[in-house]
S.K.: 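Next up is a structure, given as structure tokens.
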Amino acid sequence: MVGWVSAAPYRPKPAYVHTRESTVYVAPGHQGLGVGRQMYDALLALLRADGVHAVVAGVALPNPASQRLHEACGFEEVGVMRQVGRKFDRWIDLAWYSLVLA
């Protein structure tokens, strides 16, 4: 496996029916080769065809490669939530990215 990408409903409330939250993973050894961009481009095309209006993504910080990938795909950073997750035995910040497809 070189990676995967997915989209899930953002929230269960009717107001968010046209919004998805995306996730992308590129396996070690395959990063920096354009794999993430190819997968994201394919996912975003499917979401557009499905009538999705907006996509959001959370990026655990620090992660400059993921931040660059999201920005290259048209996402913009819209905020950072401080110490909302725990990873590798430490608290992490989460940057939120947003992309309007319409």
S.K.: So which of Val59, Val55, Asn63 actually passes side-chain contact (heavy atoms from CB on, under 4.5 Å) with His70?
M.R.: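 With His70 as partner, Val59, Val55, Asn63 yield a single side-chain contact (heavy atoms from CB on, under 4.5 Å), made by Val59.
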S.K.: Locate the shortest heavy-atom distance separating Cys73 from Leu44; write the atom from each residue and the value.
M.R.: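 Looking at all heavy atoms of both residues, the shortest contact is O-CD1, 4.1 Å.
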S.K.: After noting the C-alpha distance and the side-chain angles of Val100 and His53, does the key distance pass the side chain to side chain contact (heavy atoms under 4.5 Å, CB included) rule?
M.R.: CA-CA 6 Å; Val100 175; His53 179 73; 3.7 Å; yes
S.K.: With a 4.5 Å cut-off on side-chain heavy-atom distances among I, L, V, M, F, W and Y, is there a chain of contacts connecting Val24 to Val2?
M.R.: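 Looking at the clustering, Val2 is in the same group as Val24.
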S.K.: Do we see a donor-acceptor contact under 3.5 Å between the side chains of Tyr40 and Ser22?
M.R.: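 Per modelled atom types, Tyr40 and Ser22 side chains form a pair under 3.5 Å.
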S.K.: Run the numbers on Val56 and Val78 for side chain to side chain contact (heavy atoms under 4.5 Å, CB included), then give the verdict.
M.R.: CA-CA 10 Å; Val56 297; Val78 294; over 6 Å; no
S.K.: Minimum heavy-atom separation for Arg90 and Pro62, please, with both atom names.
M.R.: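 Smallest interatomic distance, heavy atoms only, reads NH2-CD, 3.6 Å.
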S.K.: What verdict does the side chain to side chain contact (heavy atoms under 4.5 Å, CB included) test give for Val26 and Met39, after you've listed the backbone C-alpha separation in whole Å, the side-chain angles of each residue and the deciding distance to 0.1 Å?
M.R.: CA-CA 9 Å; Val26 179; Met39 291 188 303; 4.0 Å; yes
S.K.: Do you know the tightest heavy-atom contact between Ala57 and Phe75?
M.R.: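 In this case the closest contact between Ala57 and Phe75 is CB-CE2, 4.2 Å.
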S.K.: To the nearest 0.5 Å, what is the distance between CD (Gln67) and OH (Tyr97)?
M.R.: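 Those atoms lie 3.5 Å apart.
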S.K.: Donor-acceptor pair, distance only, cut-off 3.5 Å: does the side chain of Arg37 make one with the backbone of Ala72?
M.R.: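 Indeed, once roles are kept as given, a pair shorter than 3.5 Å links the two residues.
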S.K.: Give a yes or no answer on whether the side chain of Asp93 reaches the backbone of Gln83 with a donor-acceptor pair at less than 3.5 Å.
M.R.: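 Flag set: sc Asp93 to bb Gln83 pair under 3.5 Å.
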S.K.: Would you mind telling me which of Leu101, Val52, Leu43, Leu99 makes a side-chain contact (heavy atoms from CB on, under 4.5 Å) with Arg20?
M.R.: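 Per the side-chain contact (heavy atoms from CB on, under 4.5 Å) rule, the option paired with Arg20 is Val52, out of Leu101, Val52, Leu43, Leu99.
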S.K.: Under a 3.5 Å cutoff, is there a donor and acceptor pairing between the side chains of Tyr10 and Glu21?
M.R.: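 Short answer, no.
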S.K.: From Ile92 CD1 over to Met81 CE, what is the distance, rounded to the nearest 0.5 angstrom?
M.R.: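 That separation rounds to 10.0 Å.
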